[in-house]
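Notes for the one structure printed next.
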There are 2 protein chains.
Amino acid sequence: MSAQLDLEAERTLSDRASSRLTQAIVTGELAQGQKLSEADLATRFGISRGPLREAIRQLEGMRLVTRIPHAGARVVTLDRPMLADLYRVREALEGMACRMAAQAMSQEEIDTLFMLLDQHEEAINAADGLAYFQSEGDFDFHFQIALGSRNQMLIDLLAGELYQLLRMCRYRTSHLAKRTRPALQQHRQIAEAIAERDGDLAELLMRRHISGAWKSISQIMENNP
Amino acid sequence: MSAQLDLEAERTLSDRASSRLTQAIVTGELAQGQKLSEADLATRFGISRGPLREAIRQLEGMRLVTRIPHAGARVVTLDRPMLADLYRVREALEGMACRMAAQAMSQEEIDTLFMLLDQHEEAINAADGLAYFQSEGDFDFHFQIALGSRNQMLIDLLAGELYQLLRMCRYRTSHLAKRTRPALQQHRQIAEAIAERDGDLAELLMRRHISGAWKSISQIMENNP
DNA sequence: TTGCTCCATATTGTTGACAATCAGTCCGAC
DNA sequence: GTCGGACTGATTGTCAACAATATGGAGCAA
């Protein structure tokens, strides 16, 4: 399901280490700002430092770690300014993805989109508290639209970089965010704009959706350091 | 001036190799689609394969090379679909950068922006044929706006990834592109929208500017395989 | 006590050798 | 004549040792 869960399926030790590190960072197993000791991680993964260093270089490209020469790598810290930046970039990219998806998505993909929405609604009704599952449903929706854009660079940027950072953020604040109902409603509006092939509207709605999400999260973070 | 020209100033061999590789790829010294032999490059740079491999991992993150496990890395090929993707992403990101710049840029930065435009116009009048210099002026303008957004992630994405790919593209088609006059005019409009703090208009104009540039380049590429 | 210098230690950066994998070729069988 | 399979060569992936650099603390002077 999730592209990161097929661990151990990669070909090289570097790639496997990269996946495991990503997982560990996103889930919070490695805390934000924590130092990444090459020797420690290498022994933990049962590999040498060579492949591990390559993995760290890759994670640096994904913006999951920051590296300082001769001083080591640290897990990125998602402070407020950084998240503000992230949500602005996301607004731009997903807005564009939505516009393109409205033009390029097949009817089957649009059907899948509505199916996802129904599943998501059921999940909300059934277990009102499981915020984690809601989040994954949310990602499925946004990811499906990214795929619908048919723009590989856009897909890579969103799925490969931004969504990892967002998931990392949700693992910290998921229990706080309680705006699943309005979010679902906005998702429906977006899906309908896409179904009507209205790219302008689809982009507008997606941007408003993400902008609103940031306002909500930003407010929550004000009260929770 | 250009952030890539302070070669040999990096701290580690990996970083230096990364810069040199970027330079070589952007300037076409390494042709598109060309295979990157680790042993060859390592001896050419006078370093070992370890740091070189890390550099390649980093370039992979910048989308300048594509790597296939056990088969090596190749310079990315900027074919038509890829460039179409790139210009769409650029439209989204620079549109957002422009919107934010209209709100966040200081008066001094805006003055600098107009100064760049004057310099650019002079350069065009003086040497009407030097397309290369024009391109660099173009980048200076767009880069200044990216900086003005105050969004570090946006700046990194544009300056660190997209602009490298664009420069790589220009090194191939610069002698063909002859729309510097209208481009300069559009730049002026954008700068004025920013000066008037009209974020909506600034974003609209920037998106139109980039979208137009793609149409022009796309047409040129149709006649030149 | 405070601040600086110097040294010991741990960590990162780099290297060359070794192992694993892939691509192309040659040979033989059908 | 053509297809299949094993061999050879080259290339990539991995490792463990070595060199270079930064961190942290002890000792000393103001």
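All chains are named by letter (A, B, ...) in the order of the sequence lines, taking the proteins before the strands, and each is independently numbered beginning at 1. All values below were derived from every heavy atom in this structure, side-chain atoms included, with hydrogens, water molecules and symmetry-related copies excluded.
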Ignoring the backbone of [X], work out which of [options] is nearest its side chain.
| X | options | result |
| --- | --- | --- |
| A:R11 | C:dC22, D:dA16, C:dT12 | C:dC22 |
| A:H70 | D:dC15, C:dG13, D:dT14 | C:dG13 |
| A:R53 | C:dG13, D:dG13, D:dC15 | C:dG13 |
| B:S37 | C:dT15, C:dT12, D:dT12 | D:dT12 |
| B:R67 | C:dG16, D:dG13, D:dT14 | D:dG13 |

Item to check | Side-chain N or O of A:K35 closer than 4.0 Å to phosphate OP1/OP2 of C:dT12 | outcome: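 Answer is yes, contact under 4.0 Å.
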Next on the checklist: On DNA chain D, compare the nucleotides closest to B:G72 and A:A71; which residue's is nearer the 5' end?
Outcome noted: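 That would be B:G72.
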Checklist entry - Hey, which of these two, A:R49 or A:P69, hits DNA chain D nearer its 5' end, going by closest nucleotide? => result A:R49
Item to check | Pair B:H187-B:D138, side-chain donor/acceptor within less than 3.5 Å | outcome: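 Yes, a side-chain donor-acceptor pair sits under 3.5 Å.
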Could you check whether [X] pairs with [Y] (Lys NZ or Arg NE/NH1/NH2 to Asp/Glu carboxylate O, under 4.0 Å)?
| X | Y | value |
| --- | --- | --- |
| B:E60 | B:R74 | no |
| A:R99 | A:E94 | no |
| A:D15 | B:R57 | yes |

Between atom [atom1] in [X] and atom [atom2] in [N], what is the gap in whole Å?
| X | N | atom1 | atom2 | answer |
| --- | --- | --- | --- | --- |
| A:Q58 | D:dG13 | CD | P | 12 Å |
| B:R57 | D:dG13 | CZ | C1' | 10 Å |
| B:R16 | D:dA20 | CZ | C1' | 13 Å |
| B:I47 | C:dG16 | CD1 | P | 11 Å |
| B:I68 | C:dC22 | CD1 | P | 12 Å |
| B:L41 | D:dT11 | CG | C1' | 13 Å |
| A:D15 | D:dT14 | CG | P | 8 Å |
| B:E38 | C:dC22 | CD | P | 15 Å |

Base, sugar-phosphate, or nothing: which does [X] touch, judged by heavy atoms less than 4.0 Å apart?
| X | answer |
| --- | --- |
| B:G50 | base |
| A:T12 | sugar-phosphate |
| B:L52 | nothing |

Checklist entry - Side chains of B:M168 and B:V76: closer than 4.5 Å at any heavy-atom pair? => result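 A side-chain contact exists here, since the closest heavy-atom pair is under 4.5 Å.
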